[in-house]
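To start, the structure itself, in structure tokens.
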Amino acid sequence: MGAVIIQMELFPRADKTDYEAARSMLKRYVRMRQTASALDNRTHLSEKEEMVKAEYHQKADAVEMAVKLIQDDGVRKVMEYRFLRGYPRWGTVNRFQSITDRSVDRRIVRGVESVAETLKLIGAI
């Protein structure tokens, strides 16, 4: 019998489920950072608290890195403002008044796609 050849993608493509997972992680980013920071400030942690702290640090670091790796400067700035700083959509639209609200939405979609690709590549989703 011949050998089975498995072709691995160098850069795996994210699918719809990956985009949803990335968006969920982006939406929870601020909360994860706050929780991990609060746990950092406590002296005695339970085993569960230690696990949550480590998981939240890891996930938040991955999200932050993925956003910083976005190549398009305009998309990256919108993503940083919207998700890393935690502003709502309307606040983001208001902040970026030089572009239309639809353009902000398109940048967010492109940003989520980029973040999903990076998170999938590093195995975070």
Side-chain angles (χ1 to χ4, degrees):
M1 291 237 307
V4 175
I5 298 174
I6 299 175
Q7 181 177 351
M8 292 182 56
E9 292 182 67
L10 183 57
F11 297 104
R13 301 288 304 169
D15 59 22
K16 186 177 185 215
T17 304
D18 298 325
Y19 295 134
E20 290 168 5
R23 189 161 185 85
S24 174
M25 286 177 72
L26 283 160
K27 286 181 177 180
R28 294 179 315 164
Y29 170 82
V30 171
R31 178 79 174 168
M32 287 190 294
R33 272 287 181 233
Q34 290 172 337
T35 302
S37 179
L39 290 171
D40 282 340
N41 294 328
R42 297 205 25 221
T43 53
H44 301 291
L45 297 178
S46 69
E47 189 176 324
K48 173 73 173 172
E49 289 169 326
E50 287 286 355
M51 287 174 42
V52 168
K53 181 176 93 167
E55 178 185 350
Y56 279 14
H57 272 301
Q58 181 183 14
K59 286 181 177 182
D61 288 347
V63 167
E64 198 171 307
M65 180 191 75
V67 170
K68 288 182 179 185
L69 288 173
I70 295 171
Q71 298 297 303
D72 184 314
D73 194 46
V75 172
R76 186 178 58 256
K77 286 179 180 177
V78 167
M79 294 295 288
E80 286 172 347
Y81 196 81
R82 170 70 179 91
F83 294 105
L84 299 189
R85 291 187 182 182
Y87 286 93
R89 180 193 174 274
W90 64 265
T92 306
V93 168
N94 194 39
R95 166 67 175 81
F96 294 92
Q97 290 180 348
S98 60
I99 59 175
T100 67
D101 60 335
R102 291 180 59 181
S103 291
V104 168
D105 291 341
R106 280 191 295 272
R107 287 181 184 189
I108 289 172
V109 167
R110 287 180 29 218
V112 171
E113 290 171 352
S114 177
V115 167
E117 297 287 340
T118 300
L119 294 177
K120 180 148 184 145
L121 178 66
I122 65 171
I125 56 173

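Given the structure is predicted, the values throughout are model-derived calculations rather than measurements.
Annotation for K59 and R28: closest pair NZ-NH2, 4.2 Å, computed over non-hydrogen atoms. Between R89 and R82, the shortest heavy-atom distance links the atoms N-NE, 3.7 Å. Closest approach of A116 and I125 over heavy atoms only: O-CD1, 3.7 Å.
In terms of hydrophobic clustering, with Ile, Leu, Val, Met, Phe, Trp and Tyr side chains grouped at heavy-atom distances under 4.5 Å, Y19 and V67 are assigned to different clusters. In this structure, I108 is a member of the same hydrophobic cluster as L69, with clusters built from ILVMFWY side-chain heavy atoms closer than 4.5 Å. Residues V30 and M32 do not share a hydrophobic cluster, clusters being chains of Ile/Leu/Val/Met/Phe/Trp/Tyr side chains in contact below 4.5 Å. L39 and V63 sit in two unconnected hydrophobic clusters of ILVMFWY residues. Membership requires side-chain heavy atoms under 4.5 Å apart, directly or through other members. Cluster membership check: Y56 does not share its hydrophobic cluster with F83, using side-chain heavy-atom separations under 4.5 Å among Ile, Leu, Val, Met, Phe, Trp and Tyr.
Scored by the side chain to side chain contact (heavy atoms under 4.5 Å, CB included) test, Y81 finds R85, Y87, T92, R95, F96 as partners (sequence neighbours excluded). Shown here are the salt bridge (charged side-chain N to carboxylate O under 4.0 Å, His left out) partners of R107, two or more places apart in sequence or in another chain: there are none.
D105 has no carboxylate O lying under 4.0 Å from a charged side-chain N of R102, or vice versa, which leaves the two without a salt bridge. With respect to D61 and R33, a salt bridge is recorded, a charged nitrogen being found less than 4.0 Å from a carboxylate O. Ion pair K68/E64 flagged as a salt bridge, since at least one NZ, NE, NH1 or NH2 atom sits closer than 4.0 Å to an Asp/Glu carboxylate oxygen.
Between the CD atom in E113 and the CD1 atom in I70 there is a gap of 10.5 Å [rounded to 0.5 Å]. Atom OG of S114 sits about 7.5 Å away from atom CD of Q71, to the nearest 0.5 Å. The NZ atom of K120 lies 13.0 Å from the CD1 atom of I122; values are rounded to the nearest 0.5 Å. Atom NZ in K53 sits 10.5 Å away from atom OG in S37 (nearest 0.5 Å). How far CD of E55 is from CE of M51: 7.5 Å, rounded to the nearest 0.5 Å.
S24 contributes no side-chain N or O that, together with a main-chain N or O of E20, makes up a donor-acceptor pair within less than 3.5 Å. Panel note: side chain D18, backbone D15; a donor-acceptor pair is recorded below 3.5 Å.
Sparse packing is recorded around NZ of K77, with 12 or fewer heavy atoms of other residues, nucleotides or ligands lying under 6.0 Å away. Annotation for M65: atom CE counts as buried by contact number, over 12 foreign heavy atoms lying within 6.0 Å. Residue Q58 places its CD atom among 12 or fewer non-hydrogen atoms of other residues, nucleotides or ligands, all under 6.0 Å distant.
Exactly one residue among V112, V115, L119 makes a side-chain contact (heavy atoms from CB on, under 4.5 Å) with M25. That residue is L119.
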